[in-house]
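A quick write-up on the structure given underneath.
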Amino acid sequence: MINPKTIRKQPDMVKAKLETRGVDPSEVDEYVTLDQQNRDTLTKVENLKKEKNQLTKKINAADPKSEEGQALIKQVKEMNANIDSMAASQKETADRLHYIAVRLPNLPADDIPVGPDEDSNVEVRKWGDLPEYDFKPKAHWEIGENSDILDFDRAAKVSGARFVYYKNAGAKLERAVYNFMLDLHTEEQGYQEIIPPYLVNSKTMFGTGQFPKFKEDVYTVESTGVTLIPTAEVPLTNYYSNEILDEADLPIYFTALTPCFRSEAGSAGRDTRGLIRMHQFNKVEMVKYSKPEDSYKELEKLTRNATDILERLELPYHVITLSTGDTGFSSAKTYDVEVWMPEQKVYREISSCSNCLDFQARRAMIRYRKEDGSVDYVHTLNGSGLAVGRTVAAILENNQQADGSVRVPKALQPYLRGVEVIK
RNA sequence: GGAGAGUUGGCAGAGUGGUAAUGCACCGGACUCGAAAUCCGGCGAACCGCCUUAUAAGCGGCGCGCAGGUUCAAAUCCUGUACUCUCCUCCA
């Protein structure tokens, strides 16, 4: 959530910034009006309550059964009717205010490109030489099916579209990739390894910003109301919800491998083949809790932690800054890391690294106590490190050879018991 | 799935209708060369509103897991619900 005081004090700035994210300025206007109205009635209600509390104390001091007591009770009863109706109207205003507030996206950072969609994204750096082939490179699903290491048809039979069976060397490759990632994050980059719950409650989904606005993107179990996580960001960031951390403990780094479940509503027809867009996929996630003054520095570091993996796997990539219109709901600034996919000759998103500032911390009530004793919201960051299925796809395509076999990157070979080529 | 117990301030822990004890911790002061001990005082998270340029202070609201209800008045009574623990049942 955006700091309510920021909206109250700088409505024009908020309006202008949110407009770059596609928010209708009239929403902010309505918010400001309701906020004023809410505080006005709240003050009135509180003053009445104050009076009432004083009378109630008098009743207790006198004998409630005495004539004086009875008279006071009558008086308070009359007040109550008044307070109740005023409080009811105040609550109505507050509810509407809340309804708007929880649906406003985060304020974009000052230094990100302004634009309506991904066409305004800006490349910030590029790494690796694009591979050249003396044959026509195949798509990863073709390689996978030919080698009997990926099976989409049977997954469709058993589950539906956008599911896959990994088989044999495919399953082993997936396992090698995520073990490699986790080891790098934990042994070299300072992350604590977590295995979180994969089903979470609605409060948790609210905390990171998926609820209430994006319910249709996830799978919720009807009988109990719990939701299958769309990303490990959800359980990792909410780990400290409703807690006050010590300043000395920050920053905190978490990493986790989890399956991610997404309904992919609205993406019908896109990426219908291959591992790119699945209803269920593995992802290694990184989450950070940081002091406010350090969060942008931590974002740079986080993004490097993700691209490190690609460099060690010898996969060409570039990093882009998402424009205001393309940046996710909770984020103020996002770098996408995109890996080269030779068959389609495009860069595809393989990681998304975001600084959410205090936006999620406000929703999930994650704070820290400074050394001077005061309490403030932490900043939360998250990034994929990396999407495992897409990494496998990138390895298959980038390392394919004319005979249909696939070279295993050196860094990965120890994780495959020294296997150098998948046939 | 069945039965029971519990949830109060940073921690421990009292409070069964009259407006949140007490201890430890913490903060300030006294004593002391200094510290400990002792004594005195303060402080009970967080949140919201008013006041303020802003902060602090001050005033007020809220506040005993959460949400409702009864009542002039609810930690206390009633209903629902979440979580934790114990026992039974079942189970990887």
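Keep in mind that this is a model prediction, so the values were computed, not measured.
For the C1' atoms, the distance linking B/C83 with B/C77 amounts to 23 Å, nearest Å. Taking atom C1' on both nucleotides, B/A36 is separated from B/A45 by 30 Å, rounded to a whole Å. For B/C66 and B/C59, the P atoms lie 26 Å apart once the distance is rounded to whole Å. Using atom P as the reference point in both B/A74 and B/G63, the two lie 9 Å apart (nearest Å). Distance check on atom P: B/G69 versus B/G49 gives 24 Å, rounded to whole Å. Straight-line distance between the C1' atoms of B/G9 and B/C24: roughly 13 Å, to the nearest whole Å. With C1' as the reference atom, B/G6 and B/C64 are 14 Å apart, rounded to whole Å. Between B/C43 and B/C50, the two P atoms lie 25 Å apart (nearest whole Å).
Taking atom OH of residue A/Tyr368 and atom C1' of nucleotide B/G10, one finds them 19 Å apart after rounding to whole Å. Residue A/Glu51 contributes atom CD, which lies 21 Å from atom P of B/U19 at whole-angstrom precision. In this structure, A/Asp376 atom CG and B/A45 atom P are separated by 18 Å, rounded to whole Å. Here B/G10 presents its C1' atom at 13 Å from CD of A/Glu243, a figure rounded to the nearest Å. In this structure, the NZ atom of A/Lys5 is 10 Å from the C1' atom of B/G49, given to the nearest Å. As a whole-Å value, the separation of A/Met79 CE from B/U71 C1' is 16 Å. The separation between A/Ile83 atom CD1 and B/G60 atom C1' is 13 Å, rounded to whole Å. For the pair A/Lys203 NZ and B/C66 C1', the computed distance is 7 Å after rounding to whole Å.
Judged by the 6.0 Å distance and 45° axis criteria, A/Arg103 is positioned over the aromatic ring of A/Tyr99.
OP1 or OP2 of B/A73 has not a single side-chain nitrogen or oxygen of A/Asn60 nearer than 4.0 Å. Phosphate contact (OP1/OP2 of B/C62, side-chain N/O of A/Asn53, threshold under 4.0 Å): present. Taking only side-chain nitrogens and oxygens, A/Lys49 never comes nearer than 4.0 Å to OP1 or OP2 of B/G61. For A/Lys58, no side-chain nitrogen or oxygen approaches OP1 or OP2 of B/C72 to under 4.0 Å. Of the side-chain N and O atoms in A/Asn38, none sit less than 4.0 angstrom from OP1 or OP2 of B/C48. Phosphate proximity of B/C50 to A/Arg39: present, with a side-chain N or O under 4.0 Å from OP1 or OP2.
Looking at heavy-atom distances under 4.0 Å, A/Leu72 makes no contact with the nucleic acid at all. A/Asn47 comes within 4.0 angstrom of no nucleic acid atom, judged by non-hydrogen atoms across all strands. Residue contacts for A/Lys74: at a heavy-atom cut-off of 4.0 Å it reaches no nucleic acid atom on any strand shown. Within 4.0 Å of A/Asn201, counting heavy atoms only, lies no atom of the nucleic acid at all.
Between A/Tyr317 and A/Glu338 there is no side-chain heavy-atom pair separated by less than 4.5 Å. Using a 4.5 Å heavy-atom threshold, the side chains of A/Arg362 and A/Pro4 count as touching.
Nearest-nucleotide assignment on RNA chain B puts the 5′-proximal partner with A/Ile244, out of A/Ile244 and A/Asn80. Taking for each of A/Arg8 and A/Thr56 the nucleotide of RNA chain B with the nearest heavy atom, the 5'-most of the two is the partner of A/Thr56.
Nucleotide B/C31 forms a pair with no other nucleotide shown, judged by Watson-Crick or G-U wobble geometry with both contacts under 3.5 Å. When Watson-Crick and G-U wobble pairs are counted only if both distances are under 3.5 Å, B/C62 pairs with no nucleotide at all. Base pairing of B/C26: its partner is B/G42, meeting the Watson-Crick or G-U wobble criterion (both donor-acceptor distances under 3.5 Å). Partner assigned to B/U55 is none, using Watson-Crick or G-U wobble distances below 3.5 angstrom. Pair assignment for B/A5 gives B/U84, based on Watson-Crick or G-U wobble hydrogen-bonding distances that are each under 3.5 Å. When both pairing distances are held under 3.5 Å, B/G68 makes a Watson-Crick or G-U pair with B/C78.
In this pair, A/His279 and A/Phe163 present their aromatic rings tilted. The plane angle is within the 30 to 60° band.
With hydrogens and angles disregarded, a donor-acceptor distance shorter than 3.5 Å links the side chain of A/Gln413 to the backbone of A/Val408.
In the set B/G68, B/C72, B/G49, the nucleotide with an atom closest to the side chain of A/Ile59 is B/C72. Closest to the side chain of A/Arg367, out of B/C72, B/G49, B/C47, is B/C47.
Ring centroids of A/Phe211 and A/Phe206 are separated by 6.0 Å or more, keeping the two rings apart. The six-membered or imidazole ring of A/Phe214 lies near that of A/Phe329, with a centre-to-centre distance under 6.0 Å. If you look at A/Tyr368 and A/Tyr289, their ring centroids are not closer than 6.0 Å.
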